[in-house]
2 protein chains.
Amino acid sequence: MATKTTDLSSEEKIKAAARNIFTKKGYAATRTRDIAREAGINLALLNYYFRSKEQLFELVMLENFGQFISGVRSLLHDKKSTLDEKIEALADFYISQLIGNPDLPLFIINQLHSNPAVLLSKGFTRDILLRSHFVKQLSQELRAQKKKNPNPLHFVMNLFSMIILPFIASPLIKQVGNLSEKQFKQVMEERRKLIPFWIKNMIHHP
Amino acid sequence: MATKTTDLSSEEKIKAAARNIFTKKGYAATRTRDIAREAGINLALLNYYFRSKEQLFELVMLENFGQFISGVRSLLHDKKSTLDEKIEALADFYISQLIGNPDLPLFIINQLHSNPAVLLSKGFTRDILLRSHFVKQLSQELRAQKKKNPNPLHFVMNLFSMIILPFIASPLIKQVGNLSEKQFKQVMEERRKLIPFWIKNMIHHP
DNA sequence: GTCTATATACGGATAGAC
DNA sequence: GTCTATCCGTATATAGAC
């Protein structure tokens with residue numbers, strides 16, 4: 001193990017470069033030569049450590065995916081927090097994640113389309129959402145408010161949509177909104193508080 | 001020109017097949033051989049008509065993109081409709097489009113990331129949104145309601161996020177929501193009315 | 001216009017020296 | 001562990017016959 005972050009082992013340098021490029025360009029458009037160059041090592045070494053492009057990709061993908069659902073399961077199943085606290089925590093957690101790693105959701109979504117089985121078999125079992133304490137609390141509140149459509153899925157979609165889509169569509173939003181990178185992040189920061197506010201209104205109100 | 005839809009010219013058959021495969025798999029993962037096979041013609045013919053994979057892709061991309069923004073410009077700039085009517089019309093128009101063509105938004109978003117210049121130079125100039133009548137009406141209403149954050153961009157993002165993201169994330173939603181393809185479409189149909197309702201509340205209320 | 005056959009390039013992977 | 005050199009499959013593109 002190396003001690004400086006700038007002096008990682010070759011294996012780590014390859015993984016870091018691979019994560020970068022795979023996440024930005026996707027599997028098919030990524031060249032193993034590009035990974036090797038960015039890692040500052042030789043192409044042969046990549047295969048020495050990871051055997052193939054495919055295996056390297058799987059590794060990176062699962063690590064990315066893990067990062068994406070880490071925290072969610074415990075957040076959703078927490079018995080002690082209220083519904084509103086969970087909503088605030090989810091928005092806060094994801095927006096922080098995404099500001100630091102804005103290419104992640106598009107990568108995962110693309111993977112979900114081209115090869116759904118892998119990810120779906122890993123973490124996204126049905127119990128993660130439908131049987132969570134979060135959905136129990138949400139359903140109860142929706143019934144109490146006598147909503148015309150009390151399907152909790154709609155509100156879960158709304159929450160995650162408002163959080164995630166702006167990052168996925170960021171090139172477009174910067175263009176039509178005339179925002180610099182810095183301004184874009186600022187706007188996303190605003191949404192950290194605004195989204196829970198909107199969602200709570202949507203749930204508790206008329 | 002052929003008269004039956006099942007007996008298109010070779011050029012049209014290639015374009016149709018290309019749109020299918022490019023839209024589903026993206027540029028890098030698409031093989032021109034697959035396009036040729038699906039079109040029922042020979043690989044050489046594809047190059048005879050379109051010179052290269054790249055040019056064929058550009059063509060399909062711009063047509064897809066055109067379809068995606070068609071109607072929006074006129075909807076957004078319509079001087080006669082009210083703010084609420086525009087919101088309803090936008091949700092209605094896009095959800096119809098997306099139920100019929102669910103792969104389109106992800107295709108466009110990927111293109112926007114890998115090669116932003118092409119699409120951004122084509123249709124998404126600043127005036128399409130920021131100087132639209134829609135945003136004028138929206139800004140006015142937000143100021144009238146004395147919102148803490150009256151930036152209209154937030155509400156535009158919310159509207160499009162709630163419409164588009166569920167289609168992009170459909171494999172995931174079907175899984176965690178335990179929905180069949182048919183049930184998924186049903187849920188999206190529900191959103192056609194629900195989204196305008198939520199957005200209007202968000203704008204007009206507290 | 002449409003095909004078969006082929007040239008050419010590219011990218012993933014390996015052999016083998018150090 | 002790391003490199004250079006190279007193999008080999010695959011994919012795009014073209015030549016040329018019909």
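Only heavy atoms go into these numbers, but all of them, side chains included; no hydrogens, no water, no symmetry mates. Fair warning: this is a prediction, and the values are worked out from it, not measured in the lab.
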Contact between Ser170(B) and His113(A) at the side-chain level, heavy atoms closer than 4.5 Å - yes or no? yes
How close or far is atom C1' of dT14(C) from atom CG of Leu43(A), stated in whole angstroms? 10 Å
Let me know the distance between CZ of Phe57(A) and P of dG11(C), rounded to the nearest Å. 18 Å
Can you find a pair of side-chain heavy atoms, one from Asp34(B) and one from Lys25(B), that are under 4.5 Å apart? yes
Any donor-acceptor pair, under 3.5 Å, between the side chain of Arg33(A) and the base of dG12(C), if you only look at N and O atoms? yes
Go through dT2(D), dG1(C), dA13(D) for me and flag the one nearest to the Ser10(A) side chain. dT2(D)
Distance, rounded to the nearest Å, where Ile21(A) contributes CD1 and dG11(C) contributes P: 13 Å
Side-chain heavy atoms of Glu88(B) within contact of Asp92(B), under 4.5 Å: no
Can you tell me how far C1' of dG9(D) sits from CZ of Arg31(B), to the nearest Å? 12 Å
Is the shortest side-chain N/O distance from Asn42(A) to OP1 or OP2 of dC3(D) below 4.0 Å? no
Distance, rounded to the nearest Å, where Lys53(B) contributes NZ and dT10(D) contributes C1': 12 Å
Determine: side-chain N/O of Tyr48(A) to OP1/OP2 of dT2(D), distance under 4.0 Å, yes or no. no
Measuring from the side chain of Ser52(A) (C-beta onward, heavy atoms only), which nucleotide among dT2(D), dA13(C), dC3(C) has the closest atom? dA13(C)
Just wondering, do Leu142(A) and Ile203(A) contact through their side chains at under 4.5 Å, heavy atoms? yes
Applying a 4.0 Å non-hydrogen cut-off, can you work out what Leu46(A) is touching in the nucleic acid: base, sugar-phosphate, or nothing? nothing
Could you tell me how far apart Glu11(B) (CD) and dT2(C) (P) are, to the nearest whole angstrom? 10 Å
Between Lys80(A) and Glu85(A), does any NZ, NE, NH1 or NH2 come within less than 4.0 Å of an OD or OE carboxylate oxygen? no
Integer-rounded Å distance: dG11(C) P and Glu54(A) CD: 18 Å
Is Thr32(A) near enough to dG12(C) that one of its side-chain N or O atoms lies under 4.0 angstrom from OP1 or OP2? yes
Whole-Å distance between dT2(D) P and Lys13(A) NZ? 8 Å
Selected nucleotide, minimal atom distance to Ala44(B) side chain, candidates dC3(C), dA13(C), dA15(C): dC3(C)
